[in-house]
Number of protein chains: 2
Amino acid sequence: MDIFTTMQEERGRLSQSENRIADIVLNDFEFAVNASIVELAAKADVSPPTVTRFCRRLGCESFSDFKVQLARTAYVGMRYFKPESKSIAPADVAQDIITKAQNALFLLHRGLDISAIEQASNRLAGAEMIYAFGSGGNSSMIASELQNRLFRLGLRVTASSDHSMQLMMAAAAKPTDVLIGSSLSGRNAELVRAFMLAREAKVPTIALTQSQSPVALAAEVTVSVDLPEGNNIYRPTSTRIAYLAVVDILASLVAYRIQPQATVTLRRIKQQLVTHRDGDDRQLLGD
Amino acid sequence: MDIFTTMQEERGRLSQSENRIADIVLNDFEFAVNASIVELAAKADVSPPTVTRFCRRLGCESFSDFKVQLARTAYVGMRYFKPESKSIAPADVAQDIITKAQNALFLLHRGLDISAIEQASNRLAGAEMIYAFGSGGNSSMIASELQNRLFRLGLRVTASSDHSMQLMMAAAAKPTDVLIGSSLSGRNAELVRAFMLAREAKVPTIALTQSQSPVALAAEVTVSVDLPEGNNIYRPTSTRIAYLAVVDILASLVAYRIQPQATVTLRRIKQQLVTHRDGDDRQLLGD
DNA sequence: GAATCCTGCAAATTATTTTCTTGATACGTT
DNA sequence: AACGTATCAAGAAAATAATTTGCAGGATTC
């Protein structure tokens, strides 16, 4: 658990002196991470021992341990608790977006249910045919990404972002197949219906979505991704990066699971691409 | 500049004692970041003052400053200089992928040419029609992502991953249009040809690609993304996350540039999606 | 052989933590 | 309601630990 979260959670239980310290740390991270205990104490108008106690309360060994913990999560977590910068200077916008993306990955990692991921990859690896569903800009990208990654491993897979097709495919699927669907909100009713149909036909179903959402509940295995989406309407993107990472993890696990077969297929595709380019082998799969 | 890079660069100029310290820090980061100067000195079999001198040489104020710097880049940079873990345990695979993705974002940010990004977004914002090109799994995704993001801002945009179409479109484009193309390797010869055609017709061209590559050289404005792609053939993904972030930044800047218009269009699309769902406004654009 | 640089020792300084004490607040008892 | 007790916060001072500086011996290089 990271120190920022701990600080937020403990906030209520802290004494007023400790709260002053927390304030300073949260608001002027740069200062806090470089300051000595005396400087920090002075700025918070408390005594050094109080700072030590504050660190201990937060679960750190010592003040320097606290600083390390702080610096450690800072790069990713720093902006998470701060209001989004209002600046529209290109450099700030860039930094903002990148930090958010890193945050999303950070939070994804923290909340990742490894056993669900493992189950999902096992089913995918054993499927005779895989149907990857998702609609709208984001989830349809995830679906085609799944197709993209899995066909290279020698698996049979098709992606669809078309609700009618999804329903028909779900109805046509067999128990030896797997249906995997993605929905950022978890409230894609048509996807839920496709899952229902599949489950009636005993087709294994996997959802990539928010936990406890309708989509999550409709699927047999749910790899849940719970991230707070920023509320700037221009930027609904960072969550998707987390989804992409999930796909990446899934595909990698599937690859390791069916290794011999995958290596061969991959090599063949790569060969084809390379010779078609300029004979330079540096080029990796799928420009 | 981060401490890991500095350490790598200074490596040759360090004395043997200092090299021993660097070795320990690089190989056992966890230890280094938690150790006191005495412990670290003992492990490297040098005296504490040598450690202090080592830190100074690396441009740090003091040992504790060094530790903070270390902890700071660590979360992202730690694994970058370490051989990739060989473990295929799901938790390790997940961590590996996420760390790599964060690294990619980190390196992207470090190498980002803000003025190029700004130029690119200005052109996009002023275009009468935008052609977004890219082929293969990754770049075609980037192209459609561009379409996805830009049409919401009320811009006219089409994406194509088909080389023949790309050539025809490039030939048909007008000087008031913009052609934007992506290529991870920078060696997509057909995309180069499309750029050439466009430039002949005085159509502004933007490339998202590796700097100094054929594609980069063919375009008028290049937003360069230079990342070392890991060499595990199963995972060519992290670079793409960086590309997505670039698209995100571009789209955001364009949005800010044409704000009034964009807000209206966005709201309309959103309205449409929301009413079509379950009336819950929490749902953000483009599931 | 001189100069430079590395390196450790010991002392000095600085930082951090512990201990002890005071003051405040809350709670229970009369 | 008033008093006493318990509990906790917080600082002062002392103790400890960590870090840095100055210096000198030794190695290496030119």
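Note: hydrogens, waters and symmetry copies are ignored here, and every other heavy atom, side chains too, is used. Letters A, B, ... mirror the listed sequences (proteins, then strands); counts begin at 1. A quick note: this is a predicted structure, and the numbers were derived from the prediction, not measured.
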Enquirer: Taking all heavy atoms of A:F54 and all of A:M7, pick out the closest pair and write down the distance.
Expert: CZ-SD, 3.9 Å
Enquirer: Hey, is A:E10 close enough to A:R57 for a salt bridge, meaning N to O under 4.0 Å?
Expert: no
Enquirer: Does anything in residues 35-45 of chain A reach DNA chain D, meaning a heavy atom under 4.0 Å, and if so which residues?
Expert: A:D45
Enquirer: Between A:K100 and B:D248, is there a salt bridge with N-O shorter than 4.0 Å?
Expert: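 The answer is no: the pair does not qualify as a salt bridge.
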Enquirer: Any side-chain heavy atom of B:T222 sitting closer than 4.5 Å to one from B:D113?
Expert: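 Heavy-atom side-chain distance check fails, nothing below 4.5 Å.
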Enquirer: Taking 4.0 angstrom as the limit, do B:R240 and B:E145 come out as a salt bridge?
Expert: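 B:E145 and B:R240: not salt-bridged.
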Enquirer: Determine, stepwise, if the pair A:L250 / A:L208 fulfils side chain to side chain contact (heavy atoms under 4.5 Å, CB included).
Expert: CA-CA 11 Å; A:L250 273 176; A:L208 267 49; 4.1 Å; yes
Enquirer: Return the residues of residues 48-59 of chain A meeting this criterion: a heavy atom under 4.0 Å from some atom of DNA chain D. Order them by number, or give none.
Expert: A:P49, A:T50, A:R53, A:R57
Enquirer: Between P on C:dA15 and CZ on A:F63, what's the gap in Å once rounded to a whole number?
Expert: 11 Å
Enquirer: Starting at atom CD of B:Q16, determine the distance to atom C1' of C:dT7, rounded to an integer number of angstrom.
Expert: 10 Å
Enquirer: Does a nitrogen or oxygen in the side chain of B:S64 sit under 4.0 Å from OP1 or OP2 of D:dA18?
Expert: no
Enquirer: Atom CG of A:D65 and atom C1' of D:dA17: how far apart are they, to the nearest Å?
Expert: 16 Å
Enquirer: Grab the NZ-C1' distance between A:K67 and C:dT17 for me, whole Å please.
Expert: 15 Å
Enquirer: Under a 4.5 Å cut-off applied to non-hydrogen side-chain atoms, are A:V246 and A:I142 in contact?
Expert: no
Enquirer: Contact class for A:S62 vs. all strands (heavy atom < 4.0 Å): base, sugar-phosphate, or nothing?
Expert: sugar-phosphate
Enquirer: What's the closest nucleotide to the side chain of B:S47 if the choices are D:dA10, C:dG8, C:dT17?
Expert: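 Looking only at heavy atoms from C-beta outward on B:S47, the closest nucleotide is C:dG8.
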Enquirer: Between A:S62 and A:S64, is there a side-chain donor-acceptor contact under 3.5 Å, judged purely by atom types and distance?
Expert: yes
Enquirer: Would you say D:dA10 has OP1 or OP2 under 4.0 Å from some side-chain N or O of A:S17?
Expert: yes
Enquirer: Looking at B:I37 and B:F63, what are the two nearest heavy atoms and their distance?
Expert: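 Smallest heavy-atom distance, with atoms named: N-CE2, 3.3 Å.
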